[in-house]
Amino acid sequence: MLAARDLSTAYGGLIALTQATIEVERGEIVCVAGANGAGKSTLLKTIAGMERPCSGVVEFLGERIDGLAPHLVTKRGIAYVPENRRLFSRLSVDDNLRLGSYLFRGRSDRDAPREMAIRLFPRLGERLLQRAETLSGGEQQMLAISRALMTRPKLLMLDEPSQGIMPKLVDEIFDAVSEIRASGTTVLIVEQRLTECLEIADRAYVLQTGRVVMSGTAAEIRDNAGVRKAYLGL
Amino acid sequence: MTAQAVAQSLVSGLLMGLIYALVAAGLALVFGLMNVVNFAHGEFLMTAMYAAFGLFVAVSLDPLLAAPFVAAAMFIFGSVVYLGVVRFAMSASANAGMVQIFATFGLGVVMRGLAQLLFTPNYRSIPHSWLGGRTMQIAGVYLPAPQLAGACVSLATFGALWLIINRTDFGRALEATREDSGAVALVGIDRKRIFALGWGLGAALVGLAGAVLAIFFYIYPDVGASFSLIAYVTVALGGFGSVFGAFAAGILVGLVEAGSALVLPASLKYVGVYALYLLVVLVRPRGLFGSL
Ligand SMILES: Nc1ncnc2c1ncn2[C@@H]1O[C@H](COP(=O)(O)OP(=O)(O)OP(=O)(O)O)[C@@H](O)[C@H]1O
Ligand SMILES: [Mg+2]
């Protein structure tokens, strides 16, 4: 469904991603792991059109999407939840959700993902009129994921959804990611909490200083001695 | 000073204040949306006044009826200014802030020059309209009909704006773009489209103000200058970029102006307004209703 080939991205002159190649098949949960500064966020930003690659190709559903403006990438069916979430913090939870379905006019296109989001995260349903900035960190993450779901994506990209969130909510969020996949949305997820992430992922890639240094099924990555040492603290 | 005179000046100040608020609304909207001050705002107003004048001369359309047409034409004009000038100024590779200032300031100079060339510097006025020259009198207080109509148009417009901003998808997109224009792409919104529509809406608002002012104000190439100065003060007072802050600030400016006229010689009638402005800048720089 998604293929990034030999993707390189630089900030000014500094290269953050070097010839990275990853693929995501329809219906998968694919995890991207790596230390701080490895280039994980850069990879997602590049796919989302927020950064331009200096070389390489991104294909989605058989069409090239590299070089497209970010709103057009969203229109093609890729929803991206960035690291810092970028909620509209002065607007209400409800307004954030409604903005998610900006592209749709029909009732069913608007109601179905909304019902799903509120089923996945009932605490959002209880806080619809609250300003987004008054939500807890975990609730903000839930809202960011929900807003992304409102765009009815074929592929959902999550950048460290567990960051700065208490453990109980992290479980809730990972459970929701599993359910989102079960409902037919493919997921590409960047995570530092590798143990939890590998539990729900099918496959994983490991990035190091901008390069893909390892890839395999979730079990292979989990059992790899190097990964266990470097990322799982085992 | 009689109670009568005070009541009269309160009422006149309120009416004029509502019109000032309408003049300033578009300026506040665009500034809030994208942090760009339109230094051609006064010339936008001037253009709208000439448009109302032109419609009167050409097809004897009363300026009140012409208002929606002027607003529609100004909507297109505002969008075109964004797409043709501001968009490029914003993407300047260095000193984008300065480039924007010069781009809109330069546009204003060009528009004034064109108006002098096409319409001559002569003062024009619309000699007879439904409301021109009429007044009502309630309990001894005179209500000039054009100002009253302008105040009503202003109230209705701010009401409509409130509905647009709070109840429509476009309004939500405006608010979202205003908060984080880089993030709206995450929900599939093209921010440049919102910017263009925002410029259109801002220009349409000043278009309504221009059509109303054309009923009772002289029309000449420099007419925008005094109004735009008041509009900048209003926007700063209201809290930069807050449309409804501009509404309250406009009324306040009108009242203070009328109040100063009561106690000061007519030639000093703006002294009170600028004193208020300086006070707010010193005491509360983000403006009365600004959130920062
Ligand atoms: N906007 C930017 N401007 C300049 N350099 C950047 C920018 N964003 C990231 N970088 C650099 O690019 C490299 C990769 O950053 P990136 O954010 O992709 O890493 P990451 O794997 O997501 O790290 P983390 O786990 O800390 O989120 C880092 O060296 C970082 O300093
Ligand atoms: Mg990151």
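Protein chains get the first letters and strands the later ones, always in sequence-line order, with residue 1 at the start of each.
When all heavy atoms are compared, the tightest approach of L99(A) to A176(B) is CD1-CB, 3.6 Å.
Put simply, of D95(A), N96(A), T151(A), the one with the most heavy-atom pairs under 4.5 Å next to chain B is D95(A).
When heavy atoms are compared at a cutoff of 4.5 Å, I78(A) does not approach chain B at all. Heavy atoms of R152(A) lying under 4.5 Å from chain B are absent altogether. With a 4.5 angstrom heavy-atom cutoff, M50(A) touches chain B only via side-chain atoms. In this structure, no portion of P153(A) lies under 4.5 Å from any heavy atom of chain B. When heavy atoms are compared at a cutoff of 4.5 Å, S101(A) does not approach chain B at all.
Dense packing is recorded around CZ of R105(A), with more than 12 heavy atoms of other residues, nucleotides or ligands lying under 6.0 Å away. Heavy atoms of other residues, nucleotides or ligands lying less than 6.0 angstrom from CZ of R119(A) number more than 12. No more than 12 heavy atoms of other residues, nucleotides or ligands lie within 6.0 Å of CG in L129(A), so this atom counts as exposed by the packing criterion. The number of heavy-atom neighbours closer than 6.0 Å to CZ of F69(B), taken from other residues, nucleotides and ligands shown, is 12 or below. Atom CZ of R52(A) has 12 or fewer heavy atoms from other residues, nucleotides or ligands within 6.0 Å. Environment of CZ in F77(B): crowded, with over 12 heavy atoms of neighbouring residues, nucleotides or ligands closer than 6.0 Å.
In this structure, OH in Y102(A) is found 9.5 Å from CG in D190(B), a value given to the nearest 0.5 Å. In this structure, CG in D94(A) is found 7.0 Å from CZ in R172(B), a value given to the nearest 0.5 Å. For the atom pair CZ (R110(A)) and CG (D169(B)), the distance works out to 4.0 Å, reported to the nearest 0.5 Å. Taking CZ of R86(A) as the start and CG of L186(B) as the end, the distance is 6.5 Å to the nearest 0.5 Å.
Side chain of T74(A) to main chain of V187(B): no donor-acceptor pair is present (N/O by atom type, distance under 3.5 Å, no hydrogens or angles). For E179(B) (side chain) and R90(A) (main-chain N/O), a donor-acceptor pair under 3.5 Å exists by modelled atom type.
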